[in-house]
Amino acid sequence: MQVLKFGGSSVADATRISAVMDIVEAALARDRVILVCSAISGCTDALIEIGRTSEPAARAALIGKLRNRHLGIVRRLFTGAERESAEAMLEELFCALENYSGTCFESFGELFSTRIIERKFACDGVGSLWLDSRKLVMTAGGKVDEGRTYPAMAAAVAAAPDVRLFVAPGFIASDENGQVTTLGRGGSDYSAALYAAGTGADTLQIWTDVPGIMTANPKVVPSAQTIPDISYRAALELAENGAKVLYAPTVMPAMEKGTDINIRNTFDPRHPGTVISGRFRPAGDAWMGVTSLAVPGRDESRLCIVGEAVASRRAAAGRMVSALAEAGISPVGEVYGEGGVFFVNVKSLVENEAVAALHREFFEDRSVVSINVFLAGYGAVGKALVELAERSRSRIEARTGRSINIVGVSDSRRFVIDMRGIPAEDIPMRLSEGESAEGGAYVAAVCAAAPRKSVFADCTDDHSLYLRYEELLRSGVNVVTSNRRSVAVPYVQYAAIKAAARENGAYFRYDTTVGNALPILESIAGSANCSDGIESVEAVVSCTLNYVITGYDGARSDSLATLLRRAQSEGLTETDPRTDLGGRDVLRKLLIMAREAGIPLEEQDVEITPMLGPEFFDCPLDEFYARLAAYEPRFIQREAELDNAGLRQRFVASLRRDPAARLGYKAEIKMRLVGMDSPFYWISGTENVTVVRSEYSSPLVIKGAGEGVKLAATGIIKDILMQ
Ligand code: ASP
Ligand code: MG
């Protein structure tokens with residue numbers, strides 16, 4: 001048996017009731033259900049008001065209003081003959097209210113709501129039985145008489161073995177004289193716990209309008225979080241001391257029977273909510289929540305903080321006092337309490353501030369450092385970066401103690417800076433309303449606004465943005481770039497940027513400029529710095545060339561031109577793909593790799609033999625494609641010959657120790673023939689392979705995807721987070 005209880009806001013109108021029915025139907029697929037409901041929200045207050053109003057016209061008006069709200073629900077839920085009969089049923093109940101001469105007016109609310117819901121289930125073909133809680137829940141001396149209540153409930157359910165759904169009003173009961181009474185305001189939770197205990201249910205769910213018991217009232221502390229697991233005792237303390245989500249007496253029956261209480265959110269049915277159980281026994285101090293209650297008759301509020309397994313009372317009290325002091329609040333009197341429950345009184349006026357201060361101290365993770373990121377470029381990579389940072393937020397926080405906070409974004413025309421953070425989904429709109437980025441205004445604004453240790457992430461392919469890097473670094477802003485052009489600049493400029501970073505305690509990182517997210521640069525730097533130097537670096541790192549050439553390896557079904565056009569349409573190439581074929585892009589990568597190995601290589605030091613002869617480069621693009629088509633048969637023939645010999649051609653960038661060369665290293669980019677013993681032989685698509693040889697006999701081989709915006713975003717985040 002399962003008991004599901006829904007509160008007043010969960011049954012407030014027809015739409016909400018439909019959502020409740022969906023949840024109940026899902027539960028029915030598992031097992032039988034007792035559905036316990038409150039009155040629709042505001043109804044109990046209205047009924048109490050009606051009970052107090054003796055003037056007939058005023059009273060009739062109040063009853064009329066309540067009738068109309070319920071009629072409105074009935075009219076939305078039912079049609080045709082079913083509506084007529086539901087209206088008649090409701091009319092009967094309201095007639096009884098009008099003629100009521102007793103004292104428990106508020107007992108009508110749950111009758112209204114559960115009668116409507118039970119009827120709706122019946123009309124939908126879910127046979128159900130309405131249980132009269134006035135006959136089953138019995139009190140004596142103002143307390144529930146469990147000795148009579150539990151057997152009555154068990155008998156009612158046992159008498160209807162074929163019924164899968166019982167619907168029962170919460171809140172109402174009868175006393176030892178047979179008079180209708182209630183279990184106290186908010187008492188439907190308690191009714192549900194009694195039904196669960198009385199029928200031996202194994203599931204007790206309390207569905208409400210917040211995602212479980214929270215570390216504080218979310219209306220007072222917006223950063224309050226759901227408590228996933230809590231003991232009966234701590235839940236009881238929170239409920240007794242001001243947490244409104246659960247009616248305190250509810251805990252006892254469940255605790256006695258060892259039934260878990262699961263608090264769930266009707267507005268977010270998939271959220272797991274809070275589980276109150278006997279199993280939750282943390283090993284060390286675990287703070288659960290902070291609550292507050294007005295102290296009757298005094299202009300004071302009593303704050304309460306509840307923990308489990310709290311080792312030191314003194315330490316806890318000290319933290320409370322200093323947290324309040326930090327917020328400028330002086331407590332009225334001392335901290336008192338014991339076990340895991342501590343109280344302190346403050347003036348009512350500062351109640352909310354005090355709750356927030358305690359919450360900050362005990363529940364907000366101040367060890368998470370927020371990294372402000374100013375993003376330049378909102379193209380494919382920039383968007384992927386924002387998306388990934390958002391999606392991985394909690395994982396990054398948990399694992400690194402840091403969080404990425406996007407505080408600035410620019411595209412080629414506009415920029416926006418907001419130090420509070422710009423949510424990913426707001427960026428396009430905020431950018432369109434942003435300031436003009438003309439004349440490098442974005443960098444100037446970043447330098448002015450950025451706190452030290454912020455990060456400027458260059459995800460553009462701008463040709464000159466790097467000229468502003470020094471300025472950023474001198475303002476204490478770290479620079480991370482995926483823009484290869486910014487790093488493969490003349491060595492003096494490169495060195496100046498590096499120096500600016502070092503001198504200002506900032507970092508300049510560009511790991512994604514070679515081999516995307518593959519750890520190529522860090523491996524080269526590691527080998528170069530920590531061994532006797534590098535013997536050689538050989539790399540097949542042109543995604544375009546690899547794509548085209550490896551396209552031939554197996555299939556040979558597409559022509560060179562087709563493959564190249566496809567590479568271009570997939571965004572792998574520069575606007576004129578010949579820039580890649582000519583080795584320009586690989587040249588940039590080789591410069592970056594060499595410098596990482598401590599070799600101040602310049603463009604002039606590199607000997608490039610393009611894949612194609614000069615006649616392919618000195619003509620317009622259309623003509624180029626025509627010439628490529630004419631050349632195709634020769635290329636195919638050569639590939640076939642090589643294949644027979646067990647060889648493949650690869651466009652390799654290399655740097656090899658050579659005492660005769662200017663810097664002691666010879667740098668070359670050209671087609672090479674490789675056999676099956678080479679790691680370059682075994683690549684496909686846009687894979688990159690880099691082989692680093694140092695003094696050790698076995699080389700380091702780094703192989704993996706060399707392309708992809710998501711990967712680029714991963715690599716940039718790695719750069720941002722690296723300590
Ligand atoms: N309807 C009652 C009240 O408002 C009982 C409940 O909602 O739990 O107090
Ligand atoms: Mg309620």
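These figures come from a predicted structure and were not determined experimentally. Whatever order the structure lists ligands and atoms in, that order sets their numbers, starting from 1.
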J.: Run through L66, V74, I117 and flag the one making a side-chain contact (heavy atoms from CB on, under 4.5 Å) with F112.
T.: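 Going through the options one by one, the only one that passes is L66.
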J.: Which side-chain N or O atoms in residues 345-354 pair as donor and acceptor under 3.5 Å with protein atoms at least two apart or in another chain?
T.:
unit_1	atom_1	unit_2	atom_2	d
N345	OD1	Y336	OH	3.2
N345	ND2	E300	OE1	3.2
S348	OG	D299	O	3.1
S348	OG	D299	OD1	3.3
S348	OG	E300	N	3.1
E351	OE1	S301	OG	2.5
E351	OE2	S292	OG	2.6

J.: Strictly under 4.0 Å, does any heavy atom of G187 approach an atom of ligand 1?
T.: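 G187: in contact with ligand 1 (<4.0 Å).
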J.: Check whether any side-chain heavy atom of M252 lies under 4.5 Å from a side-chain heavy atom of Y232, and answer yes or no.
T.: no
J.: Between R185 and ligand 1, does any nitrogen or oxygen pair lie at a separation below 3.5 Å?
T.: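 It does: an N or O of R185 is found under 3.5 Å from an N or O of ligand 1.
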J.: Could you list the donor-acceptor pairs under 3.5 angstrom formed by side chains in residues 238-250, with sequence neighbours left out?
T.:
unit_1	atom_1	unit_2	atom_2	d
N241	OD1	R302	NH2	2.9
N241	ND2	E237	O	2.8
Y247	OH	L183	O	2.6
T250	OG1	Y190	N	3.3
T250	OG1	Y247	O	2.5

J.: Decide if the gap between the ring center of Y100 and the ring center of F108 is smaller than 6.0 angstrom.
T.: yes
J.: Heavy-atom contact check, 4.0 Å cutoff: does G186 meet ligand 1?
T.: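 The answer is yes: ligand 1 sits under 4.0 Å from a heavy atom of G186.
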J.: Using heavy atoms and a 4.0 Å limit, tell me yes or no: is E110 in contact with ligand 1?
T.: yes
J.: Taking N or O atoms only and a 3.5 Å limit, does F171 qualify as a polar contact for ligand 1?
T.: no
